[in-house]
Chemist: 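Got a structure for you, questions after.
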Amino acid sequence: MSAVATGPDDGQLVAAAIAGRSEAFGTLVERYERAIYHLCLRTMRDPEEARDCAQEAFFKAFRSLRTFKPGSKFSTWIFSIAYHACCDRLGRRKRYTDDELPERADPGPGPAQIAERNDEAQALRAAISELPEKYRTVITLYHLQGRQYEEIAQVLDLPMGTVKTHLFRAKELLRKALTTQ
Amino acid sequence: MNDDFDELDRALFALPLEEPPPGLRRAILEATVFSQARVSAPAVRPWESLAAGTTLAIGAWLIFALIAYKGFAVAFNTEIVAAVQAFAAPNSLVWLGAGCAIAAWLTVLGSVRLRLPGRGARS
């Protein structure tokens with residue numbers, strides 16, 4: 001889902017926001033709020049934490065607007081900030097609560113519970129939620145957000161080959177999870 | 001890397017995004033642009049500083065002019081004594097007492113809800 005820009009493009013809005021026009025940043029928030037929240041929700045798997053991460057991402061972006069390089073993609077930049085905010089939070093969660101490792105599958109609902117869900121979308125969401133964090137994020141960015149390989153590689157700070165591999169494995173796991181229902 | 005995930009791809013692309021919680025945008029804007037507007041707004045605007053400075057200067061000049069006036073001390077004493085006497089006059093005290101009583105009565109009346117007899121109270 002690339003942000004459909006009606007009116008000024010993202011670069012112009014960033015320039016206007018830097019110049020002190022608060023409504024320009026408001027428009028950017030309006031354009032990316034949903035996508036950023038979605039990425040955070042997929043990564044964190046907790047609506048409250050996703051909300052906090054999304055807010056934190058926009059806050060950090062706002063504070064460092066002047067470091068945004070003109071000509072680069074705002075979406076890549078803000079996605080990267082959001083992803084790193086999620087990673088920080090996952091790291092803290094691991095340190096303080098000894099909760100899940102980001103790379104590990106969640107103790108969420110099992111295949112039997114997923115199978116009970118008749119709704120295909122819900123089943124697919126549940127299957128995505130079962131994926132390890134690195135696959136979940138790639139599949140979220142690629143399929144749900146419509147990002148390109150190169151952009152995903154920039155957001156996640158990974159080589160493009162790794163992104164492709166993660167995507168392939170994510171799809172394999174998804175298909176396996178959905179066919180076992 | 002060939003794959004045959006067409007059906008899965010279609011399902012994924014058709015999957016709608018979750019709605020962000022209500023109030024998220026407001027919270028983001030409160031933490032960013034509105035917060036900045038609050039911080040960056042100066043406590044005192046330049047014209048306010050200028051007005052306050054001018055008022056202070058005029059006040060200081062008036063006080064200095066009054067003190068420098070030869071008959072100031074006598075006139076000041078006379079006026080102060082007259083004001084105290086006027087305040088302590090019986091009429092002034094009566095009016096002052098009446099005003100305080102009315103203010104107290106209105107305060108008490110305002111804190112008590114008047115109850116008028118209704119139809120339901122009869123049955």
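Fair warning: this is a prediction, and the values are worked out from it, not measured in the lab. Chain A is the first sequence line, chain B the second, and so forth, proteins listed ahead of strands; every chain is numbered from 1.
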Chemist: Using distance only, find each side-chain donor-acceptor pair of residues 61-72 of chain A under 3.5 Å and give its atom names and separation, not counting sequence neighbours.
Modeler:
residue	atom	partner	partner atom	Å
Ser64(A)	OG	Lys60(A)	O	2.6
Thr67(A)	OG1	Ser64(A)	O	2.6
Ser72(A)	OG	Lys69(A)	O	2.5

Chemist: What heavy-atom pair brings Arg51(A) and Pro22(B) nearest, and what distance separates the two atoms?
Modeler: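 Shortest heavy-atom separation between Arg51(A) and Pro22(B) comes out as NH1-O, 3.7 Å.
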Chemist: Identify whether Ile81(A) and Leu158(A) are in the same connected component of the hydrophobic contact network (ILVMFWY, side-chain heavy atoms under 4.5 Å).
Modeler: yes
Chemist: Taking a hydrophobic cluster as the set of Ile, Leu, Val, Met, Phe, Trp and Tyr residues connected by side-chain heavy atoms closer than 4.5 Å, whether directly or through intermediates, do Ile80(B) and Ile63(B) fall within one such cluster?
Modeler: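 Yes; tracing contacts between hydrophobic side chains, which count when under 4.5 Å, links both residues.
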Chemist: Val33(B) and Phe25(A): which non-hydrogen atoms are nearest, and at how many Å?
Modeler: CG1-CB, 3.8 Å
Chemist: Establish whether Leu15(B) and Ile152(A) are linked, either directly or via other cluster members, by ILVMFWY side-chain heavy-atom contacts under 4.5 Å.
Modeler: yes
Chemist: Taking CZ in Arg175(A) as the centre, count heavy atoms belonging to other residues, nucleotides or ligands within less than 6.0 Å. Is the count above 12?
Modeler: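 For Arg175(A), atom CZ is crowded (more than 12 foreign heavy atoms under 6.0 Å).
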Chemist: Rounded to the nearest 0.5 Å, what's the gap from CZ on Arg34(A) to CZ on Arg25(B)? Could you check?
Modeler: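 Rounded to the nearest 0.5 Å, the CZ-CZ separation comes out at 10.5 Å.
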Chemist: Between Glu56(A) and chain B, with a heavy-atom cut-off of 4.5 Å, which part of the residue counts as in contact: side chain, backbone, both or neither?
Modeler: neither
Chemist: Of the non-hydrogen atoms in Leu24(B) and Ala54(A), which two are nearest, and what is the gap between them?
Modeler: CD2-CB, 4.2 Å
Chemist: Mind checking the CG-CD1 spacing from Leu8(B) to Ile139(A)? Nearest 0.5 Å is all I need.
Modeler: 6.5 Å
Chemist: Measure up the Phe168(A) and Phe5(B) rings against each other and bin them: parallel (under 30°), tilted (30 to 60°), perpendicular (over 60°).
Modeler: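 Correct class here is perpendicular.
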Chemist: Measure across Ala31(B) and Gln55(A) and return the closest heavy-atom pair with its distance rounded to 0.1 Å.
Modeler: CB-NE2, 4.1 Å
Chemist: Please check if atom CZ in Phe72(B) has more than 12 non-hydrogen atoms from other residues, nucleotides or ligands closer than 6.0 Å.
Modeler: yes
Chemist: Heavy-atom distances under 4.5 Å only: say whether Glu19(B) touches chain A with side chain, backbone, both or neither.
Modeler: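 Both backbone and side chain of Glu19(B) come within 4.5 Å of chain A.
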Chemist: So how far is it from Glu23(A) CD to Leu29(B) CG, rounded to the nearest 0.5 Å?
Modeler: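 Those atoms lie 11.5 Å apart.
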Chemist: Determine, using the 4.5 Å side-chain heavy-atom cutoff (strictly less than), whether Phe76(B) and Val81(B) are members of one ILVMFWY cluster.
Modeler: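 The answer is no; the residues belong to distinct hydrophobic clusters.
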Chemist: Minimum heavy-atom separation for Phe58(A) to Thr32(B), with atom names?
Modeler: O-CG2, 3.9 Å
Chemist: Verify the neighbour count for atom CD of Glu49(A): are there more than 12 heavy atoms of other residues, nucleotides or ligands below 6.0 Å?
Modeler: yes
Chemist: Closest heavy-atom contact between His38(A) and Pro16(B)?
Modeler: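 Heavy-atom minimum between the residues: CE1-O, 4.5 Å.
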Chemist: Supply the atom-to-atom distance Tyr142(A) OH to Leu12(B) CG, rounded to the nearest 0.5 angstrom.
Modeler: 10.5 Å
